[in-house]
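One is the number of the first residue; the rest follow in order along the sequence. When a ligand or atom number is given, it counts from 1 through the structure's own listing order. Keep in mind that this is a model prediction, so the values were computed, not measured.
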Amino acid sequence: MGASVVLLELAEGWVAVVTGASCGIGAAISRQLAAAGAKVAMAARRENLLKEIQDEISKEGGVALAVRCDVKNRAGVKELIQYTERTLGPVDILVNNAGYWAFRCMKNLHEEEWDEQVDVNVKGLLNCIGAVISGMCERKSGHIVNMSSDCVKQPFVGLAVYAGSKYFLEGMSRTLRQEVCKDGVRVTCVQPGDVDTPGAVKTLMTLEDEQCKALYSYPHPALEPEVIAQAVLYAVAQPDHVAVNEILVEPRECPL
Ligand SMILES: NC(=O)c1ccc[n+]([C@@H]2O[C@H](COP(=O)([O-])OP(=O)(O)OC[C@H]3O[C@@H](n4cnc5c(N)ncnc54)[C@H](OP(=O)(O)O)[C@@H]3O)[C@@H](O)[C@H]2O)c1
């Protein structure tokens, strides 16, 4: 059975920003948030892909903006949020989904890839939160959804730097939640297991060490991106006093 889509309704006129929306999980989240009634600003570097998804959403009667943005660029992220707020209204939901990873053994010193994972998954995440958090606290309302990974529950060979970046995401989220819950802001971490996305396929090509290859070279089931989008929708559609703080979603056959 494929991934069925059960739509929940969001409060009318909600504005969402989704990073990493040009493909994979972020594209699925954008489509489902729009179908549930949110106005969605979709951000990524590949504007042509964003525009295709924007057209699809518009044809379905939804509202979406395609905004070229590299989350590593702090000024660019601020412009993304300002443009969204001028065009659609104050941001109610920020989904920090943009991410980068590679299966590399640390002893092989792929230092440029270490930097990219830290720059996108850690600093990019902070750039995005920094651009919305004061506004959300002032308005006493907001929801930040951070895309984590099941690698924070179990180590996977070849993903040391990536796991480190997702541990940062989890620790920061738990602490931020303590700080902003009284300001009406919710923080959710979604921890997917294997999901079938362009990034996941590309990343398997980076397997480089025999131990690493042996671990990942068997066929294993992966989830559809829509399943993760449903988890995000579930979290953001809850009544104001309910906080879904953590969601672990894995293929049934691959429990940790
Ligand atoms: N797939 C899985 O099995 C899995 C499992 C656990 C967690 N996750 C997490 O889920 C999230 C999405 O993964 P995915 O599998 O959908 O990956 P994907 O297919 O590689 O998509 C990644 C998205 O992030 C965007 N992105 C990358 N670097 C960016 C940057 N510097 N600025 C703006 N956007 C950037 C890409 O867009 P552009 O290239 O157009 O910029 C793309 O839209 C990631 O945070 C990942 O860590 C995935």
Side-chain angles (χ1 to χ4, degrees), residues 3 17-32 40-54 66-77 79-81 94-103 112-113 115-128 131 144-156 158-159 161-170 173 188-206 216 220-229 231-232 246-251 254 256:
V17 174
V18 181
T19 68
S22 59
C23 64
I25 295 172
I29 293 170
S30 302
R31 289 189 182 100
Q32 290 202 25
V40 185
M42 302 180 299
R45 294 162 302 177
R46 287 170 295 171
E47 201 175 6
N48 56 326
L49 296 184
L50 292 176
K51 287 215 176 333
E52 285 173 21
I53 301 162
Q54 181 188 26
V67 188
R68 188 180 186 287
C69 177
D70 184 333
V71 295
K72 293 182 284 184
N73 178 341
R74 185 173 293 160
V77 170
E79 279 169 29
L80 158 73
I81 300 303
L94 167 67
V95 184
N96 287 308
N97 168 78
Y100 174 74
W101 73 105
F103 283 104
E112 285 178 9
E113 287 180 348
D115 288 345
E116 183 67 7
Q117 289 173 92
V118 171
D119 289 347
V120 177
N121 305 352
V122 175
K123 294 185 186 170
L125 171 77
L126 292 178
N127 289 342
C128 294
I144 293 172
V145 179
N146 293 328
M147 198 53 65
S148 180
S149 162
D150 65 349
C151 71
V152 299
K153 302 282 186 187
Q154 176 180 307
F156 294 97
L159 290 181
V161 177
Y162 175 68
S165 73
K166 295 298 186 185
Y167 273 103
F168 173 90
L169 176 152
E170 292 275 343
S173 301
T188 299
C189 291
V190 180
Q191 300 149 348
D194 286 330
V195 185
D196 186 9
T197 64
V201 172
K202 197 170 65 189
T203 306
L204 280 174
M205 310 300 283
T206 61
Y216 300 106
H220 53 290
L223 296 172
E224 302 85 353
E226 290 73 21
V227 172
I228 307 304
V232 171
E246 225 176 84
I247 311 182
L248 170 66
V249 189
E250 300 185 290
C254 302
L256 291 181

Is the backbone of [Y] close enough, under 3.5 Å, to the side chain of [X] for a donor and an acceptor to pair up by distance?
X: Thr206; Y: Phe103; answer: yes
X: Tyr167; Y: Val152; answer: yes
X: Asp150; Y: Val249; answer: no
X: Asp196; Y: Leu223; answer: no

Enter the distance from [X]:[atom1] to [Y]:[atom2] here, rounded to the nearest 0.5 Å.
X: Phe168; Y: Leu126; atom1: CZ; atom2: CG; answer: 4.0 Å
X: Arg68; Y: Leu50; atom1: CZ; atom2: CG; answer: 9.5 Å
X: Thr19; Y: Asn146; atom1: OG1; atom2: CG; answer: 9.0 Å

Mark up the atoms of ligand 1 that fall under 4.0 Å of a heavy atom belonging to [X], in ascending order.
X: Ala21; value: 43 (O)
X: Asp194; value: 3 (O)
X: Asp70; value: 30 (C), 31 (N), 32 (N)
X: Gly193; value: 3 (O), 5 (C), 6 (C)
X: Ile25; value: 10 (O), 16 (O), 48 (C)
X: Lys166; value: 45 (O), 47 (O)
X: Met147; value: 9 (C), 10 (O), 11 (C)

Would one find an N or O of [X], backbone or side chain, under 3.5 Å from an N or O of ligand 1?
X: Ala200; value: no
X: Pro192; value: no
X: Glu116; value: no
X: Ser22; value: yes
X: Asp150; value: no
X: Arg45; value: yes
X: Arg46; value: yes

_Among all the protein's non-hydrogen atoms, which is closest to atom 24 (O) of ligand 1, and how far away is it?_
Gly20 CA, 3.4 Å
*Report the nearest protein non-hydrogen atom to atom 47 (O) of ligand 1: residue, atom name, distance rounded to 0.1 Å.*
Tyr162 OH, 2.5 Å
*Residues Glu246, Lys153: salt bridge by 4.0 Å N-O rule*: yes
*Pair Glu47 + Lys51, salt bridge at N-O below 4.0 Å*: yes
Going by the closest heavy atom to [atom], which one wins out of [options]?
atom: atom 26 (N) of ligand 1; options: Cys69, Ala98, Gly26; result: Ala98
atom: atom 15 (O) of ligand 1; options: Thr197, Val195, Val190; result: Thr197
atom: atom 22 (C) of ligand 1; options: Gly99, Gly199, Gly24; result: Gly99
atom: atom 11 (C) of ligand 1; options: Asn97, Leu125, Val120; result: Asn97

_Ignoring hydrogens, what is the shortest heavy-atom contact between Val18 and Gly26? Give both atom names and the distance._
CG1-O, 3.7 Å
*Which atoms form the tightest heavy-atom contact between Val120 and Gly99, and what is the distance?*
CG1-CA, 4.0 Å
Counting heavy atoms only, which part of [X] comes closer than 4.0 Å to ligand 1: side chain, backbone, both or neither?
X: Trp101; result: side chain
X: Ala222; result: neither
X: Ser148; result: backbone

*Of Val95, Leu125, Asn96, the residue whose pairing with Ile144 passes side-chain contact (heavy atoms from CB on, under 4.5 Å)*: Asn96
*Does a sphere of radius 6.0 Å around CD in Glu112 hold more than 12 heavy atoms from other residues, nucleotides or ligands, not counting ones at 6.0 Å or beyond?*
no
*Got Met147 and Ile29 here, is their nearest side-chain heavy-atom distance under 4.5 Å?*
yes
*So is Gly124 close enough to ligand 1, meaning a heavy atom under 4.0 angstrom away?*
no
